[in-house]
Amino acid sequence: MVDIMVTGAKSVLINRYQDKILQEAEQDTIALEVPVALIYNGISHVVMMTTPKDLEHFALGFSLAENIIQSPAEIYGIEVMPVEQGIEVHVELSSRRFSELKEKRRSLAGRTGCGICGTEQLEQVCQTVPILPNSQQFDLSCLDSILPYLKEVQEVGERTGGTHAAVWVSLDGKLLGGFEDVGRHVALDKLLGYRAKQKDQQGVILVSSRASYEMVQKAANCGVEILFAVSTVTSMAVDMANQYGLTLVGFCRPGRAVVYTNGQRLVTSK
């Protein structure tokens with residue numbers, strides 16, 4: 001288990017069918033997907049299917065993005081414990097936040113790409129998020145230069161083709177951090193956890209997937225003002241981005257993109 005938590009991938013024996021011939025067995029590499037339970041003060045809150053790398057960042061980012069905590073200081077400790085069925089991540093919360101969590105706790109079993117499995121009431125889907133400030137600007141002429149960062153941080157994805165990625169980029173286009181996972185939400189959670197520990201949190205986030213409502217909500221909950229997505233956006237993502245004051249951009253490809261909301265943060269120098 002320790003080895004896979006470092007590599008995030010494993011070897012399997014396969015047979016390729018190619019040129020109408022079933023070829024001899026060979027080794028191939030696939031991305032790992034394992035159940036990871038987040039346990040707060042001894043009580044299991046959620047099980048997510050993730051790539052077992054960077055799980056401390058995941059626990060912190062998930063806690064912030066799901067509004068379980070408001071600050072990293074409200075977590076006193078994180079311990080990653082491999083078990084027979086998967087991995088347990090034990091999070092020690094402040095008494096105040098744990099009391100609040102018990103009041104709203106829900107039980108959900110996560111799947112790859114799962115957003116709201118187990119949500120008990122419609123009101124739980126839409127969280128109250130403070131309106132974001134207009135404190136940052138990003139030059140769209142830098143967009144082409146930041147797109148390759150997604151591939152740069154996908155070490156497992158490069159070998160397997162099986163991961164999503166999320167990267168954090170400075171306002172002048174420099175890579176500040178990036179993470180990958182089989183789940184797009186988890187990749188974002190890991191990145192948000194890493195970002196939360198940094199003194200300067202300015203910059204934009206770019207994800208390799210579509211931007212659905214929960215990606216917007218997670219980003220806004222963590223104070224992200226500008227979110228780029230390589231693929232499409234959903235109607236609820238646009239509605240929430242408007243509600244939170246987040247700049248949402250989809251279909252980010254070399255030389256083009258679609259700005260859906262709050263384009264005042266975007267400039268063009270050329």
J.: For the residue pair Phe228 and Leu147, establish whether any side-chain heavy-atom pair is separated by less than 4.5 Å.
T.: no
J.: Report the C-alpha distance between Tyr244 and Ile131 in whole Å, list the side-chain angles of each, state the deciding distance to 0.1 Å, and finish with yes or no for side chain to side chain contact (heavy atoms under 4.5 Å, CB included).
T.: CA-CA 5 Å; Tyr244 303 150; Ile131 296 177; over 6 Å; no
J.: Locate the shortest heavy-atom distance separating Met49 from Val186; write the atom from each residue and the value.
T.: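 Scanning both residues completely, I find the closest heavy atoms to be O-CG2, 4.3 Å.
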J.: Do Thr51 side-chain atoms and Val182 backbone N/O form a donor-acceptor pair below 3.5 Å?
T.: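 The answer is yes, because a donor-acceptor pair under 3.5 Å joins these two groups.
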J.: Is there a donor-acceptor pair under 3.5 Å between the side chain of Glu74 and the backbone N or O of Ser71?
T.: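 The answer is yes, because a donor-acceptor pair under 3.5 Å joins these two groups.
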J.: For residues Phe251 and Leu140: do they belong to one hydrophobic cluster (side chain heavy atoms under 4.5 Å, members Ile, Leu, Val, Met, Phe, Trp, Tyr)?
T.: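 Each belongs to a different hydrophobic cluster.
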J.: Has the side chain of Asp19 got a donor or acceptor atom that lies under 3.5 Å from a matching backbone atom of Ile21?
T.: no
J.: Step by step, would you call Lys218 with Glu66 a side chain to side chain contact (heavy atoms under 4.5 Å, CB included)?
T.: CA-CA 7 Å; Lys218 284 175 180 289; Glu66 295 296 319; 2.9 Å; yes
J.: Looking at Met215 and Leu188, what are the two nearest heavy atoms and their distance?
T.: O-CD2, 3.8 Å
J.: Under the side chain to side chain donor-acceptor pair (under 3.5 Å) test, which residues partner Lys151, sequence neighbours left out?
T.: none
J.: What closest approach, in Å, do Ala220 and Leu246 show between heavy atoms, and which atom pair accounts for it?
T.: N-CD1, 4.1 Å
J.: Is any side-chain heavy atom of Asp239 closer than 4.5 Å to one of Tyr213?
T.: no
J.: Between Ile205 and Leu150, is there a shared hydrophobic cluster once you connect ILVMFWY residues whose side-chain heavy atoms come closer than 4.5 Å?
T.: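 Different hydrophobic clusters.
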J.: Treating Trp168 as the side-chain partner and Gln202 as the backbone partner, does any N or O pair qualify as donor plus acceptor under 3.5 Å?
T.: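 Answer holds: yes.
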J.: Is it true that Leu266 and Val207 fall in one hydrophobic cluster, defined by side-chain heavy atoms closer than 4.5 Å?
T.: no
J.: Below 4.5 Å, heavy atoms only, C-beta onward: do Gln137 and Leu171 meet side chain to side chain?
T.: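 Side chain of Gln137 against side chain of Leu171, heavy atoms only: no contact under 4.5 Å found.
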J.: Looking only at heavy atoms, which two atoms of Gly8 and Val156 are closest? And how far apart?
T.: O-CG1, 3.5 Å
J.: Should Ile14 and Val12 count as side-chain neighbours, where that means a heavy-atom distance under 4.5 Å?
T.: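 Result yes, sub-4.5 Å side-chain heavy-atom pair found.
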J.: How about Val216 and Thr234: do any of their side-chain heavy atoms sit closer than 4.5 Å?
T.: no
J.: Run the side chain to side chain contact (heavy atoms under 4.5 Å, CB included) test against Asn134 and tell me which residues pass, sequence neighbours left out.
T.: Gln264, Arg265
J.: Quick check: are there more than 12 heavy atoms from other residues, nucleotides or ligands sitting under 6.0 Å from CG of Leu13?
T.: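 More than 12 heavy atoms, drawn from other residues, nucleotides or ligands, come within 6.0 Å of this atom.
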J.: Check the hydrophobic clustering (I, L, V, M, F, W, Y; side-chain heavy atoms under 4.5 Å; chains of links allowed) and say if Ile78 and Phe58 are grouped together.
T.: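 Same cluster.
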J.: Please determine which of Lys53, Arg184, Gln154 meets the side chain to side chain donor-acceptor pair (under 3.5 Å) test together with Thr163.
T.: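 Passing option: Gln154.
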J.: Return the set of residues passing side chain to side chain contact (heavy atoms under 4.5 Å, CB included) with Asp172 (not counting sequence neighbours), or none when no residue passes.
T.: Ser170, Lys174
J.: Given 3.5 Å as the limit, does a donor-acceptor pair link the side chain of Gln201 with the main chain of Ala196, or not?
T.: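 Confirmed, Gln201 side chain pairs with Ala196 backbone.
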J.: Less than 4.5 Å apart, side chain to side chain, heavy atoms only: is that true for Pro35 and Gln85?
T.: no
J.: Examine distances only and state if a side-chain atom of Ser208 and a backbone atom of His164 form a donor-acceptor pair shorter than 3.5 Å.
T.: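 The answer is no, because no donor-acceptor pair under 3.5 Å joins these two groups.
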J.: Does Arg195 use its side chain to pair, donor to acceptor, with the backbone of Cys222 at less than 3.5 Å?
T.: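 Judged by distance alone, yes, a pair lies under 3.5 Å.
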J.: Got a sec, which residues hit side chain to side chain donor-acceptor pair (under 3.5 Å) with His57, two or more places apart in sequence or on another chain?
T.: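 His57: no side chain to side chain donor-acceptor pair (under 3.5 Å) contacts found.
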J.: Are the charged groups of Arg96 and Glu100 less than 4.0 angstrom apart, N to O?
T.: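 Looking at Glu100 together with Arg96, the answer is yes, because their closest N to O distance falls below 4.0 Å.
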J.: Could you check whether any side-chain heavy atom of Ile30 comes within less than 4.5 Å of a side-chain heavy atom of Lys10, counting everything from C-beta outward?
T.: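 Side chain of Ile30 against side chain of Lys10, heavy atoms only: contact under 4.5 Å found.
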J.: Same cluster or not: are Val91 and Ile69 linked, directly or through other Ile, Leu, Val, Met, Phe, Trp or Tyr residues, by side-chain heavy atoms under 4.5 angstrom apart?
T.: yes
J.: Check whether Ser99 reaches the backbone of Ser95 with its side chain - one donor and one acceptor, N or O, closer than 3.5 Å.
T.: no
J.: When rounded to the nearest 0.5 angstrom, what distance separates CZ in Phe138 from CG in Leu143?
T.: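 Taking CZ in Phe138 and CG in Leu143, the distance rounds to 6.5 Å.
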J.: For the OG atom of Ser63 and the CD atom of Gln70, what is their distance to the nearest 0.5 Å?
T.: 11.5 Å
J.: Would Arg16 and Glu24 pass as an ion pair if we require N to O under 4.0 Å?
T.: no
J.: I would like to know whether Ile43 and Leu101 meet side chain to side chain contact (heavy atoms under 4.5 Å, CB included); could you show each step before the answer?
T.: CA-CA 10 Å; Ile43 296 180; Leu101 179 63; over 6 Å; no
J.: Show the nearest heavy-atom pair for residues Thr160 and Ala31, with the distance to one decimal.
T.: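 So the minimum-distance heavy-atom pair works out to CG2-N, 3.4 Å.
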J.: With side-chain contact (heavy atoms from CB on, under 4.5 Å) as the test, pick out the partner of Thr247 among Ile226, Leu227, Leu132.
T.: Ile226
J.: When you look at Val167 and Ile146, which way does the side chain to side chain contact (heavy atoms under 4.5 Å, CB included) test go after all the steps?
T.: CA-CA 9 Å; Val167 295; Ile146 73 173; over 6 Å; no
J.: Any heavy-atom pair between the side chains of Met48 and Leu38 that's under 4.5 Å?
T.: no
J.: Considering non-hydrogen atoms only, spot the tightest contact between Ala211 and Ala237 and give its length.
T.: O-CB, 3.3 Å
J.: For the CG atom of Leu175 and the OG atom of Ser145, what is their distance to the nearest 0.5 Å?
T.: 11.0 Å
J.: By ring-ring contact (aromatic ring centres under 6.0 Å, His included), which residues pair with Tyr260, not counting sequence neighbours?
T.: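 None.
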J.: Look up atom OG1 in Thr261 and atom CG in Asn242, then write down how far apart they are to the nearest 0.5 Å.
T.: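 Nearest 0.5 Å value for the OG1-CG distance: 5.5 Å.
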J.: Rounded at 0.5 Å granularity, tell me how far CD in Glu26 sits from OG in Ser11.
T.: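 These two atoms lie 11.5 Å from each other.
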J.: Within this structure, what is the CG-NZ distance for the pair Leu60 and Lys197, rounded to the nearest 0.5 Å?
T.: 6.0 Å
J.: Give a yes or no on whether the backbone of Tyr194 and the side-chain of Gln198 come within a donor-acceptor separation of less than 3.5 Å.
T.: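 Judged by distance alone, yes, a pair lies under 3.5 Å.
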J.: When you measure from the side chain of Asn41 to the backbone N and O of Leu93, does any donor-acceptor pair fall under 3.5 Å?
T.: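 Checking the backbone N and O of Leu93 against the side chain of Asn41, a donor-acceptor pair under 3.5 Å is found.
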J.: Residues two or more places apart in sequence or in another chain: which of them pass ring-ring contact (aromatic ring centres under 6.0 Å, His included) with Tyr40?
T.: His45
